K.L.:
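Sharing a structure here in structure tokens format.
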Amino acid sequence: MIYLLDLMLIALTAALINNFVLYYFVGICPFVGVSRKVEMAFGMGLAVTFVISIAAFISWSITTMVLIPGAPLSSFIAGFFLPEESAAAIDLTILSYIVYIFAIASSVQFVEMYVRKFFPQLYSSFGVFLPLITTNCAILFACLTIMSHVVGVENPQDAWDLGRAITLAFFGGIGFTIAIVIMSGIREELELCDIPEPFQDAAITLIIGGILAIAFMGFTGVDSGIREALIP
Amino acid sequence: MITTTLAIAAGTMLVMAVVLSFILGWANKKFKVEIDPKIEAVIDILPGVNCGGCGYLGCSDYAVAIVTDNDPVNKCTVGGEACARGLADIMGVEVGEMVKLFAVVNCGAHTSDRLKTHEYRGEKRCASAHLVAGVQGCTFGCLGFGDCVRACHYDAMHIVDGLATVDFNNCIGCGACSKVCPRSIITITGFMADKIPTVTCSNKDKAKDAKAVCKTACVGCKACTKLSDLFSITNNLSTYDHAAYTEEHYETALKAIEKCPTNCIHFIGKSLGK
């Protein structure tokens, strides 16, 4: 029960309270670049959600299996060459960034092939933006957040399991979709407005992004309030 | 210790690379999309400017239409005849008739010709000015805020003294300007010669009303129709049948231009030749 509640809180936090785009300001490039039309923004949001979940799965598995000190796979292999104690102390977390980028790039490539084969319409409407998900910092950010909850946790029971990791990533993607769809709705209305010349295009978009972020600040503290109320 | 760590780190990267490349290689085969080699050959020949003049979103869409739907090969105005020949070679069909297309602005009123102009304080765009009655007296003519200039990617459209003017040396006939013009006064016209006569007016009002708002409005006096069969009057507005124009009609068109009481017939086209 407490585990389910924890998952719910992680989901709520990732999607609304600590929204990737509007709280941490990661993934701004697609947020500004693909938010011209609601349908495209929604498609981009779904693609990011999908990729972010796959990337979280891969990166969590590799982190717990190989990278952290005492990980089963690396200490098993090291056990052939080293005494048990030093084998368990092998720390490969320096590899984390490069491994995550590796995982993200290949899952984007995979998604691109899949979409191209089965959803050619969606593929042509994405155009260049699908490969650009590779360089979307929101995804790397999700991987690194998951890593920070796995590596260097004092109490081993507090380390995140796969369920928590994927919940964070998936609902982080949902939060990204919410943010980009709200943004594109506003921008569609904005097309009809008389904007002073210095503020046109990207400038007004960033200003609106800032105002949206202020609005989302209203959620701050909701998560700790719920946690205090429900978990003794 | 350090060597083992390094070895395992290198091994991890290696194994990941091998596994992921296997998965991607498998996916590449499994999800392969068969592309007709003809389509790629067609894309290579098309100019690749993605102007949309053929009616498709871009050159690759047109290439697909040519190969799969047997679309005519002469729709690309940018590539012109050479491009159409190349496409015909690939597809094994005959080239249709090639006519050079240009944008033609069917309005000739510069600022001084407009008799009832008013101050407009809204957004400086034709699309919004068109919604407001009485920005200028004529409800058919060019508004002069340059929506077409912004739409043109080829520097072929300029506002000269309050009137959208085509630079025929740069125009490729893609039709981007005619799509954005809220008054639909820009038409994409096939030029049978370097210069063709045309009626630079779109005003369909009766002579009295048209004259009240513009110095160079067509009043539907039928002077031009008496000189040449290619002029015809509908809704108080003279139009010229550009498709039937040949060099023979040059003299009669010249006479019609002299005869026109409001000077609304002009020769347009590239500044060289006739």
Side-chain angles (χ1 to χ4, degrees), chain A residues 54-55 58-59 61-63 65-67 69 71 73-83 85-96 98-120 123-125 127 191-197 200, chain B residues 1-36 39 43 50 52 56-65 68 120-132 145-147 150 180 182:
Chain A
I54 291 183
I58 299 177
S59 61
S61 315
I62 293 175
T63 312
M65 297 295 162
V66 186
L67 298 188
L73 214 63
S74 55
S75 51
F76 173 75
I77 297 172
F80 291 116
F81 313 102
L82 292 173
E85 268 173 37
S86 43
I90 281 189
D91 185 1
L92 292 179
T93 41
I94 40 154
L95 283 183
S96 53
I98 195 166
V99 163
Y100 297 159
I101 287 170
F102 221 10
I104 294 167
S106 24
S107 46
V108 167
Q109 188 62 44
F110 187 82
V111 170
E112 190 183 348
M113 287 172 186
Y114 187 82
V115 170
R116 189 174 179 189
K117 173 81 179 176
F118 295 107
F119 308 100
Y123 180 79
S124 56
S125 72
E191 295 270 303
L192 307 171
C193 296
D194 185 9
I195 305 163
E197 211 143 292
Q200 275 172 9
Chain B
M1 171 93 187
I2 195 95
T3 25
T4 325
T5 313
L6 278 179
I8 292 180
T12 311
M13 296 309 297
L14 198 70
V15 170
M16 254 189 95
V18 170
V19 170
L20 288 175
S21 46
F22 259 103
I23 293 176
L24 286 183
W26 169 81
N28 193 24
K29 265 195 169 168
K30 181 87 179 168
F31 300 145
K32 199 174 174 89
V33 182
E34 294 293 334
I35 297 176
D36 197 331
I39 293 183
I43 289 176
N50 294 322
Y56 295 96
L57 276 179
C59 292
S60 53
D61 278 14
Y62 179 43
V64 172
T68 54
Y120 168 68
R121 292 188 181 171
E123 196 190 2
K124 298 264 182 286
R125 303 229 168 184
C126 303
S128 31
H130 178 56
L131 302 173
V132 185
F145 290 117
D147 278 14
R150 277 183 285 271
V180 297

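Computed from a prediction, not measured in an experiment: that's the story for all the values here. The analysis underlying the following values was restricted to heavy atoms, covering all of them including side chains, and did not include hydrogens, waters or symmetry mates. Residue numbers start from 1 in every chain, and the chains themselves are labelled A, B, ... in the order their sequence lines are given, proteins ahead of strands.
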K.L.:
Answer with side chain, backbone, both or neither: which region of A:Val66 has an atom nearer than 4.5 Å to a non-hydrogen atom of chain B?
P.N.:
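Contact with chain B: side chain only.
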K.L.:
What's the verdict on side-chain contact (heavy atoms from CB on, under 4.5 Å) for A:Ile195 and B:Glu123, showing C-alpha distance, side-chain angles and the deciding distance?
P.N.:
CA-CA 9 Å; A:Ile195 305 163; B:Glu123 196 190 2; over 6 Å; no
K.L.:
Need one label for B:Ala127: side chain, backbone, both or neither, based on atoms under 4.5 Å from any heavy atom in chain A.
P.N.:
neither
K.L.:
Where is the tightest heavy-atom contact between A:Ala78 and B:Ile8, given as atom of each residue plus distance?
P.N.:
CB-CD1, 3.6 Å
K.L.:
Just verifying a value: how many Å separate A:Asp91 CG and B:Thr5 OG1, rounded to the nearest 0.5 Å?
P.N.:
8.5 Å
K.L.:
To the nearest 0.5 Å, what is the distance between CZ on B:Phe31 and CZ on A:Phe110?
P.N.:
4.5 Å
K.L.:
Determine whether more than 12 heavy atoms belonging to other residues, nucleotides or ligands lie under 6.0 Å from atom CD1 of B:Ile2.
P.N.:
no
K.L.:
Chain A contacts: which residues in residues 19-26 of chain B have a non-hydrogen atom closer than 4.5 Å to it?
P.N.:
B:Leu20, B:Ile23, B:Leu24, B:Trp26
K.L.:
Let me know if B:Thr12 has heavy atoms under 4.5 Å from chain A in its side chain, its backbone, both or neither.
P.N.:
side chain
K.L.:
Please report the closest heavy-atom contact between A:Leu92 and B:Ala9, naming both atoms and the distance.
P.N.:
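It is CD2-CB, 3.8 Å.
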K.L.:
Return the CE to NZ distance between A:Met113 and B:Lys30, rounded to the nearest 0.5 Å.
P.N.:
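NZ of B:Lys30 is found 14.0 Å from CE of A:Met113.
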K.L.:
Checking A:Ile62 against chain B: side chain, backbone, both or neither under 4.5 Å from a heavy atom?
P.N.:
side chain
K.L.:
Quick one: side chains of residues 56-64 of chain B, donor-acceptor pairs under 3.5 Å with protein atoms, not counting sequence neighbours, listed by atom name and distance.
P.N.:
{"from": "B:Tyr56", "atom 1": "OH", "to": "B:Asp71", "atom 2": "OD1", "distance (Å)": "3.4"}
{"from": "B:Tyr56", "atom 1": "OH", "to": "B:Asp71", "atom 2": "OD2", "distance (Å)": "2.8"}
{"from": "B:Tyr62", "atom 1": "OH", "to": "B:Pro72", "atom 2": "O", "distance (Å)": "2.7"}
{"from": "B:Tyr62", "atom 1": "OH", "to": "B:Lys75", "atom 2": "N", "distance (Å)": "3.2"}

K.L.:
Evaluate whether atom NZ of A:Lys117 has more than 12 neighbouring non-hydrogen atoms of other residues, nucleotides or ligands under 6.0 angstrom away.
P.N.:
yes
K.L.:
Is the shortest side-chain heavy-atom distance between A:Asp194 and B:Lys124 below 4.5 Å?
P.N.:
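Not touching, per the 4.5 Å side-chain cut-off.
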